[in-house]
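One structure below.
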Amino acid sequence: MGMTQKLFMKKLNSTLLAVAVVVALVAPALTLVPGCGTINRTSYQAVAVSTVSVQEAMALWNTYVRLNHPPLDQERAVKSAYEKWTASMVIVCDAGRVLSVAVGTNATNTVPVLSVALETAVRNAASERVDLFNLITKVTGKKLTQ
Amino acid sequence: MNAVTIITLIEEAIADEPKIEAALRAIFEKEEPTPADWDAARANVIALGSYKDEVPNSNLPPDELTPPTVDTPPPAA
């Protein structure tokens, strides 16, 4: 194993550990456990955590691409998954904003419906993130903590 | 793996990734998010950039690296 690959493996292990730590520490936020705060707050936390972990995963993927030149079809698949995740996160933020406005204006009749919409958006985004991580794991052979 | 080992691993991971430490602090210190907070989160997601930005070493042809349009204005209410 060359020096470059050794450095990659060191960075890879560091990244995987960091992602695992982030996900483990805020697992309640990712699963929207009732009682751990409002849907609005836990969803906000989930967005922040997911953004950090995907950023780390994409940095890992970039290094892998540089060193291993995977087939274009594999790159296309990761690109597609990344773009789906990004689009789903924008939907989450929009749903969160609408709910926050409703909560702030005491529009209590709409809050339940908007809460369900936000929760659904978060679950969809989480699914897209899992798909992205699974793809990167499949190609690189390194498991990313979900 | 015992608790001391886990804590050591966490400390090492956080020490290696200062931005993660900052993100964790922000997450746990945040109270009920406001519309402005969601706008900031949205901007943060979009600021991550396109696939081309995140994977500058990509071997995909340039015409495939045109980013999709996701940056529509946030809803008014």
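These numbers were taken from a predicted model, which means no experiment stands behind them. Order of the sequence lines sets the chain letters (A, B, ...), proteins ahead of strands, with each chain counted from 1.
Grouping the Ile, Leu, Val, Met, Phe, Trp and Tyr side chains by contacts below 4.5 angstrom, directly or via other members, places Val45(B) apart from Ile91(A). Cluster membership check: Leu65(B) shares its hydrophobic cluster with Leu72(A), using side-chain heavy-atom separations under 4.5 Å among Ile, Leu, Val, Met, Phe, Trp and Tyr.
Note that CZ of Arg41(A) and CG of Asp37(B) are 11.5 Å apart. Values are rounded to the nearest 0.5 Å. Rounding to the nearest 0.5 angstrom, the gap separating the NZ atom in Lys79(A) from the CD atom in Glu64(B) is 7.0 Å. The CD atom of Glu32(B) sits 4.5 Å away from the CG atom of Asn40(A) when rounded to the nearest 0.5 Å.
The minimum heavy-atom distance linking Glu75(A) with Ser58(B) is given by the pair OE1-OG, 2.8 Å. For the pair Tyr44(A) and Ala41(B), the tightest heavy-atom approach, listed with the atom from each and the gap, is CE1-CB, 4.1 Å. In terms of heavy-atom proximity, Ser100(A) sits nearest to Pro33(B) at OG-O, 3.2 Å.
Judged purely by atom type and a 3.5 angstrom limit, Asn57(B) has no side-chain atom pairing as donor or acceptor with the backbone of Thr63(A). A donor-acceptor distance shorter than 3.5 angstrom exists from the side chain of Trp38(B) to the backbone of Gly96(A), with no hydrogens or angles considered.
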Self-check item: side-chain contact (heavy atoms from CB on, under 4.5 Å) between Met58(A) and Tyr51(B), intermediate numbers included
Solution: CA-CA 9 Å; Met58(A) 293 307 287; Tyr51(B) 179 82; 3.9 Å; yes

Exercise. Go through Met89(A) and Arg42(B) one step at a time and tell me if the side-chain contact (heavy atoms from CB on, under 4.5 Å) criterion holds.
Key: CA-CA 8 Å; Met89(A) 290 290 278; Arg42(B) 189 184 199 278; over 6 Å; no

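Proximity to chain B (any heavy atom under 4.5 Å) is shown, for Val65(A), by both the backbone and the side chain. With a threshold of 4.5 angstrom between heavy atoms, Val103(A) does not approach chain B through any atom at all.
You'll find the side chain of Leu48(B) reaches within 4.5 Å of the side chain of Trp85(A), heavy atoms only.
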